[in-house]
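Remember, it's a predicted structure, so these values are computed and weren't measured experimentally. Basis for what follows: all heavy atoms, side chains included, without hydrogens, waters or symmetry-related copies.
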Amino acid sequence: MVFVNSGERPSIYGYMHSISGTWWGNGFFTTEHGRVGLALQGTAPGDYVSVFFRALYPFALRRILHDAKYRILSRAYVNGLMDGEIFDL
């Protein structure tokens, strides 16, 4: 799992924000590891991105309070994780 970054936005954020209207209903995010992604709006700092084995794409997840379960928020695009690169680490 990769944590969604709650820190400072990278300099490319302004560019991504300006084109985000093209992706209506989606929002850009960055991870703690510096990856850039796109998921449904509503993802927030502290959410997770997970790549499930054999899945076609990553998913944005949110931990359910007081439980060891997670809720799937949406599928996601994460630059550098779309072609199974995470399994090469």
Legend entry - Main-chain N/O of Ala60 paired with Ser74 side-chain donor or acceptor, under 3.5 Å: no

Inset, instruction - Identify whether Tyr57 and Tyr77 are in the same connected component of the hydrophobic contact network (ILVMFWY, side-chain heavy atoms under 4.5 Å). - result: yes

Legend entry - For the student: nearest non-hydrogen atoms of Arg35 and Asn79, plus distance: NH1-O, 3.4 Å

Legend entry - Residues Phe29, Val49; criterion side chain to side chain contact (heavy atoms under 4.5 Å, CB included); working and verdict: CA-CA 10 Å; Phe29 63 87; Val49 174; 3.7 Å; yes

Legend entry - Between Tyr70 and Tyr48, ring centroids under 6.0 Å: yes

Inset, instruction - Report the C-alpha separation of Phe52 and Phe59 in whole Å, then their side-chain angles, then the decisive distance to 0.1 Å, and conclude whether the ring-ring contact (aromatic ring centres under 6.0 Å, His included) test is met. - result: CA-CA 8 Å; Phe52 299 113; Phe59 290 90; 5.6 Å; yes

Legend entry - Cluster check Val78, Val51: I/L/V/M/F/W/Y, side chain < 4.5 angstrom: yes

Legend entry - From Lys69 atom NZ to Leu61 atom CG, the distance as rounded to the nearest 0.5 Å: 14.5 Å

Inset, instruction - Verify the cluster assignment for Leu56 and Ile72: are they in a single hydrophobic cluster under the rule of side-chain heavy atoms below 4.5 Å apart? - result: yes

Inset, instruction - Using atom types as modelled and distance alone, determine if a side-chain donor or acceptor of Thr30 lies under 3.5 Å from a backbone N or O of Gly34. - result: no

Inset, instruction - Identify the heavy atoms of Leu73 and Leu40 that sit nearest to each other, and give their distance. - result: O-CD1, 4.0 Å

Legend entry - Ala39 to Thr43 - nearest heavy-atom pair and separation: CB-CG2, 3.9 Å

Inset, instruction - Return yes if some donor-acceptor pair links the side-chain N/O of Asp67 with the main-chain N/O of Ile64 below 3.5 Å, else return no. - result: no

